[in-house]
Structure formats: C-alpha cells, structure tokens
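Reading through the structure tokens given below for one structure.
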Amino acid sequence: MFENKERTDIALLGEFGLIKHLTENFKIRHESSTKGIGDDAAVLNFGDKEVLISTDLLLEGIHFDLAYVPLMHLGYKAVQVNLSDIYAMNGIATQITVSIGLSSKFPLEAVEEIYKGIELACNKFNIDLIGGDTSTSKQGLVISVTSIGYAEKKDICYRNGAGEGDLLCVSGDLGGAYVGLQILEREKLIYLENPNIQPDLEGKDYIIERQLKPEGRRDIVDLLAQMDIVPTSMIDVSDGLASEILHICQQSEKGCTLYEEKIPIDPLTYETARELGLDPTVCALNGGEDYELLFTIKQSDYPKLKHDVDISIIGHITDKNSGCKMISKSDVVHEIQAQGWNAFKF
Ligand code: ADP
Ligand code: MG
C-alpha cells in the first residue's frame, strides 16, 4: 500500500534521530502531562482523580493487513481503538504512548505516514503523546498503544454494574466495520488474481470507513455527562455485540433480553451484507470492530435519553437464571452466543 517514490533508509537517522524526527511536532496540551517525551519516564499528575490505563498490541498479519490498510489509517486506528477503552470506562483520555517494531523493509516515509495518522488522532481527540519505544522487528510491523485517562470515582463505569430491569443501550450502528472488511477482502482477492482490475469500492464509503477509520465515542461520554446519566455498566464493542453483552451479563451476574429488531444497522451495511450472502444481524452480533459503546442505564434515566437518535435501546437486563436471550424478528427466542472475532484462531 505504500507507494511513495522516496525511500529514506531509517539507518541514516539512527534510533534517536528517528524518535526525534517522528515526535517533534507533537505538542503537550494537558496540565496533567508534567513531563512527556525525552526522559527515562513520563511524569503525570492527576490530582485527586482516578487514573485509567489501557494497552493494545497490533500485529501485522493478525490484526491488520498492509495489502489494503493505508499506513496513515493504521496509525489513526491504532490510537482510536485504544482510546475507545478509556471512553468505555466513562473516562476522559489524555495521554498515549506508542511503541513500534519496524521491519527493515520500512523506509522513513512509511513510518512518517503512520505518525501522521497518530498525530491526526491526537489533534482530533485532544491527546498528548508522552512516550513509547522503538525497535526493529523480524516479524512484520508491530504497533502497541497505551492510553491513559482519568475520571471521578463516582463516574467510572465497570462491566459488572448492570442491575435487573436496567435498559441495554448502544450508540451508533453495528456490523458496518465487519461488512466493510468483507468488501476489502473481496477486492484484495480480485486484485491478487488480476492486478489490472481496479478495486470496486464505489458507494461503499461508509462501511469502508467504519473498518479503516473507526472513531472512539468520546462524544457519547460527553453526551451522557450532559444528560446527567452515569451508566450502571459499560463496554466498547470491539468483538461484536453478542460477546460484549455476555461480558456485561457474566460480570454483573445477570441475564438479558435483546430484541433483534432494535439492533441498529445502517442501510448500507444491511444491503451489502445481503449482497454478500450474510445475515446483517449476525454481522452486528459477531462482526466486531465497530467501537460503539454498549451500556446499561437505570429505567429512571430513560426520559433523559429517549429522544437521542444516536442511542438505541435494544433490550433490558433480567435475572441470572433467565439467561441471555435474543427475541428474533419472527419472535423466536435464541440463546446469545459469542462467536466474536478471535485473534487466536490459526
Ligand atoms: P530508553 O532507552 O530509556 O527506552 P528511548 O531512547 O527508547 O529510551 O526513548 C527516549 C524517549 O523517547 C522516551 O521519552 C521514550 O518514551 C520516547 N520514545 C521512544 N520511542 C518512541 C516512539 N516510537 N514514539 C514516541 N515516543 C517514543
Ligand atoms: Mg526505549
């Protein structure tokens, strides 16, 4: 995917030269970042707030395929998916560290593209880059992002707080990232068979973007605060709705009822899934990578968000013995099972 003509050998800069070159444009914006890049460790000060930390590791060939992921998107997505975990705690993300393992085939210009994406994400989501690590890799590209944020103790949402009768809510729409990935995979196969055929992605922008350029839902965290709602539990949808619902129910020791007809699916996701012979509901349940927020609220909070078009109420929490059920559009009761995307399948 990297076709830039210029190819500067990273060895010319050396490790320290590379770090300086990549990070010199990043500004520090938060008072909590006492010391950023440049010493043995960063120094942070959050006063009396609770501190939130989350890490992700992304490996070429396992989590991304450089055949169709542009490097800038990869940098952007690596940051977004990690910030999403802080938002899922109902927190405010403020800092990240970024560690990279680069194979020798990578020229400077390619790493610059990744950092452009990282910078875009930092600017858009108001994040300080405060450190990282840099190494060579023999096994393809490796990116690890750690994000740091904070919240008041009373605002933090764990997975284990759902109560019986609570409403099950989800932001945005689901299944798009998975269906977008199927389109990208299809075009990659066509390209490998005949490199003269241009990829046909026309009209599929929304779902391709859902796959390549997901956005952490900081806006939902802000919106909930404005509405004066603290969810009783929350999780981000990285592995598919089914898997995330089960996490909440298992950790809260509850059951749930989910209504298939209430699951928000964008029309393009729906049509494209059908075109590919896939069930749109299954894509939403098991696809993953949507990075929406799934949360539960007390029924008394319902009037505060019932008019919000970006939040769907898809079911409710029941007692543990009732199990986790989905009522299908034709009124059949199904047991919810997690078949989410799994990085351990070989
Ligand atoms: P050390 O030898 O102590 O690990 P490094 O030379 O790796 O130190 O890093 C020097 C500084 O640059 C540190 O502040 C580190 O956090 C930062 N840094 C290293 N690699 C990266 C990177 N890829 N992105 C951002 N900051 C980095
Ligand atoms: Mg180091």
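In listed order, ligands and their atoms are each counted from 1.
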| task | May I ask which of Gly38, Gly36, Gly131, Ser144 has a heavy atom nearer to atom 14 (O) of ligand 1 than the others do? | result | Gly38
| said: Against Thr232, only a single residue in Ile248, Leu167, Thr296 fulfils side-chain contact (heavy atoms from CB on, under 4.5 Å); can you say which? | reply: Thr296
| Without hydrogens or angle criteria, can the side chains of Asn160 and Ser252 be said to hold a donor-acceptor pair below 3.5 Å? | no
| field | Residue pair Asn82 / Asp56, side-chain donor-acceptor N/O under 3.5 Å | value | yes
| said: If only side-chain N and O atoms count, and only distance matters, is there a donor-acceptor pair under 3.5 Å linking Ser99 with Ser144? | reply: no
| request: Number the atoms of ligand 1 from 1 as they appear, then name those within less than 4.0 Å of a heavy atom of Val98, with their elements. | output: 22 (C), 23 (N), 24 (N)
| task | Pick one of side chain, backbone, both or neither for how Thr97 approaches ligand 1, counting any non-hydrogen atom pair under 4.0 Å. | result | neither
| said: Check for me, please, whether Ile28 and Leu22 land in the same ILVMFWY cluster - side-chain distances under 4.5 Å, paths through other members count. | reply: no
| request: Report the part of Thr134 in contact with ligand 1, treating N, CA, C, O as backbone and CB onward as side chain, heavy atoms under 4.0 Å; options are side chain, backbone, both, neither. | output: both
| task | Taking salt bridge (Lys or Arg N to Asp or Glu O under 4.0 Å) as the test, write out the residues that go with Glu164, two or more places apart. | result | none
| query | Can you say whether the rings of His316 and Tyr259 are parallel (under 30°), tilted (30 to 60°) or perpendicular (over 60°)? | reply | tilted
Side-chain atoms of residues 32-54: list all donor-acceptor pairs with protein atoms under 3.5 Å, sequence neighbours left out, distances to 0.1 Å.
{"residue": "Ser32", "atom": "OG", "partner": "Gln95", "partner atom": "NE2", "Å": "3.0"}
{"residue": "Ser33", "atom": "OG", "partner": "Gln95", "partner atom": "NE2", "Å": "2.7"}
{"residue": "Ser33", "atom": "OG", "partner": "Asp128", "partner atom": "OD2", "Å": "2.6"}
{"residue": "Asn45", "atom": "OD1", "partner": "Gly47", "partner atom": "N", "Å": "2.9"}
{"residue": "Ser54", "atom": "OG", "partner": "Asp85", "partner atom": "OD2", "Å": "3.3"}

| said: Please work out, at 4.0 Å between heavy atoms, whether the side chain, the backbone, both, or neither of Ile100 comes within that distance of ligand 1. | reply: side chain
| query | Taking N or O atoms only and a 3.5 Å limit, does Asp133 qualify as a polar contact for ligand 1? | reply | yes
| note | Nearest heavy atom to atom 9 (O) of ligand 1, choosing from Ile37, Ile19, Leu18, belongs to Ile19
| Any N/O of Ser99 closer than 3.5 Å to an N/O of ligand 1? | no
| query | Using heavy atoms and a threshold below 4.0 Å, how should the contact between Phe26 and ligand 1 be classified: side chain, backbone, both, or neither? | reply | neither
| task | Could you tell me which atoms of ligand 1, counted from 1 in the order shown, lie closer than 4.0 angstrom to a heavy atom of Asp39? | result | 13 (C), 14 (O)
| note | For Phe16, the atoms of ligand 1 under 4.0 Å from one of its heavy atoms are 6 (O)
